[in-house]
Amino acid sequence: RDVERSRGLGDVYKRQQQDNVPPDETKDILALFKFANKAKSVPMTKTLLDWVDSMMESEVPASDSTTDTTISDFDTALINSVVPKRSFSKADLVKMYDLALETNSAEIDNGDICLDILFTMKKHKIALNGNRVALVMKAFKNSKNFDAVLELFHSMSALKVKRDTYHVSLAVVAYVRTDQVAKGLALLNRFESAGQSLKTFAYFAAAFEIMRRLCV
């Protein structure tokens with residue numbers, strides 16, 4: 001039954017994509033986000049996010065006959081004219097963006113996309129939490145953008161998100177990978193001195209990266 005449902009959702013998506021018209025029901029859009037997540041389909045997730053963003057636009061930009069219209073401008077106007085306007089509940093937006101974030105964070109070189117999703121959530125007044133920030137940090141780590149991992153780690157206070165062991169372990173790896181071993185070890189010591197229990201994998205992450213550095 002699950003296989004048949006998945007095949008049916010895939011067919012629905014293909015039909016809707018051909019006409020660039022999202023499903024009428026929000027539950028069907030959510031089902032497609034879940035389908036894309038299970039299929040680990042980044043392109044499908046991108047299309048779904050484009051649909052959601054277009055549906056939430058307040059108004060279609062008016063064309064100006066006195067200025068030249070580029071192809072991209074025309075395509076944007078066409079998309080806005082076809083996709084019906086719709087509002088979503090915050091609960092539904094949370095589910096959509098969480099699924100999109102999870103799907104993209106599993107892929108290499110998607111750190112910037114994940115960060116865009118994170119700040120889109122913030123724009124829609126969706127509270128950021130440790131798990132969402134961790135997914136973006138992990139995506140930057142997978143992309144080997146260790147400077148971005150550290151920048152996001154140090155921005156967590158401004159984002160009002162509490163750091164936990166996983167964030168620390170990702171930051172330590174980033175410090176070691178950017179030739180800042182002392183800062184990485186100092187971070188572990190600072191958290192431990194503050195009375196925060198660091199799980200074994202935080203130390204393992206640091207030890208593994210130091211060993212990798214010595215062996216390379």
Side-chain angles (χ1 to χ4, degrees), residues 33 36-37 39-50 52-53 93-194 196-216:
F33 269 102
N37 179 258
K40 299 179 180 178
S41 176
V42 170
M44 182 176 177
T45 300
K46 181 183 183 305
T47 298
L48 293 170
L49 286 174
D50 287 344
V52 170
D53 289 344
L93 284 177
V94 168
K95 292 175 185 175
M96 292 174 191
Y97 287 123
D98 274 342
L99 286 165
L101 189 57
E102 183 180 327
T103 303
N104 278 280
S105 68
E107 296 295 315
I108 296 175
D109 296 330
N110 273 6
D112 289 335
I113 295 173
C114 290
L115 188 63
D116 286 342
I117 294 172
L118 189 74
F119 282 105
T120 299
M121 297 176 84
K122 189 173 185 295
K123 182 182 75 173
H124 291 300
K125 302 188 185 306
I126 295 172
L128 305 187
N129 59 29
N131 182 62
R132 289 166 187 145
V133 172
L135 285 174
V136 181
M137 289 178 66
K138 183 186 80 171
F140 278 128
K141 173 180 171 289
N142 291 341
S143 304
K144 297 188 179 349
N145 189 344
F146 300 109
D147 288 328
V149 173
L150 292 172
E151 185 175 349
L152 186 53
F153 179 76
H154 292 302
S155 299
M156 289 180 68
S157 295
L159 295 173
K160 298 180 181 179
V161 179
K162 185 178 179 180
R163 300 182 180 101
D164 63 23
T165 305
Y166 187 56
H167 301 116
V168 173
S169 66
L170 289 170
V172 169
V173 169
Y175 272 127
V176 175
R177 289 292 190 96
T178 53
D179 298 324
Q180 302 178 79
V181 178
K183 286 187 177 181
L185 296 178
L187 177 65
L188 288 174
N189 184 63
R190 188 165 71 250
F191 265 72
E192 194 170 63
S193 298
Q196 299 191 35
S197 176
L198 294 176
K199 298 177 184 176
T200 304
F201 70 78
Y203 292 104
F204 176 79
F208 177 82
E209 287 303 324
I210 292 172
M211 182 64 69
R212 187 198 63 81
R213 177 184 170 85
L214 292 173
C215 293
V216 172

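Without hydrogens or angle criteria, Asp164 side chain to His167 main chain gives a donor-acceptor distance under 3.5 Å. A donor-acceptor pair under 3.5 Å links the side-chain atoms of Arg163 to the main chain of Phe153, judged by distance alone.
Across every non-hydrogen atom of Met121 and Tyr97, the tightest pair is CG-CB, 3.6 Å. Considering every non-hydrogen atom in both Leu170 and Lys141, the closest pair reads CD2-CD, 3.4 Å. Between Ala171 and Met137, the shortest heavy-atom distance links the atoms N-CE, 4.3 Å. Closest non-hydrogen pair, Ser143 versus Gly111, comes out as OG-N, 3.5 Å. Here the closest heavy-atom approach between residue Ser105 and residue Lys138 is recorded as O-CE, 3.7 Å. The shortest non-hydrogen separation linking Val136 to Cys114 is CG2-O, 3.8 Å.
With values rounded to the nearest 0.5 angstrom, Met96 atom CE is found 13.5 Å from Ile117 atom CD1. The CG atom of Leu152 sits 12.5 Å away from the CG atom of Asp147 when rounded to the nearest 0.5 Å. Rounding to the nearest 0.5 Å gives a distance of 10.0 Å between CG of Asn37 and CG of Asn104.
Looking only at side-chain heavy atoms (C-beta outward), Phe140 and Leu115 come within less than 4.5 Å of each other. Within the 4.5 Å cutoff, the side chain of Leu150 has heavy atoms near those of the Gln180 side chain.
For Thr45, the side chain to side chain donor-acceptor pair (under 3.5 Å) criterion is met by no residue, not counting sequence neighbours. For Asn145, the side chain to side chain donor-acceptor pair (under 3.5 Å) criterion is met by no residue, not counting sequence neighbours.
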Run the side-chain donor-acceptor check on residues 122-134: report pairs under 3.5 Å with partners two or more places apart or on a different chain.
{"unit_1": "Asn129", "atom_1": "OD1", "unit_2": "Asn131", "atom_2": "N", "d": "3.2"}
{"unit_1": "Asn129", "atom_1": "OD1", "unit_2": "Arg132", "atom_2": "N", "d": "2.9"}
{"unit_1": "Arg132", "atom_1": "NE", "unit_2": "Asp98", "atom_2": "OD1", "d": "2.8"}
{"unit_1": "Arg132", "atom_1": "NH1", "unit_2": "Ala127", "atom_2": "O", "d": "2.5"}
{"unit_1": "Arg132", "atom_1": "NH2", "unit_2": "Asp98", "atom_2": "OD2", "d": "3.0"}

**Message:** Between Leu49 and Phe33, does the side-chain contact (heavy atoms from CB on, under 4.5 Å) criterion hold? Intermediate values first, please.
**Reply:** CA-CA 9 Å; Leu49 286 174; Phe33 269 102; 4.0 Å; yes
**Message:** Under the criterion side-chain contact (heavy atoms from CB on, under 4.5 Å), I'd like the reasoning laid out for Thr103 against Asn110: C-alpha separation, chi angles, the key distance, then a yes or no.
**Reply:** CA-CA 10 Å; Thr103 303; Asn110 273 6; over 6 Å; no
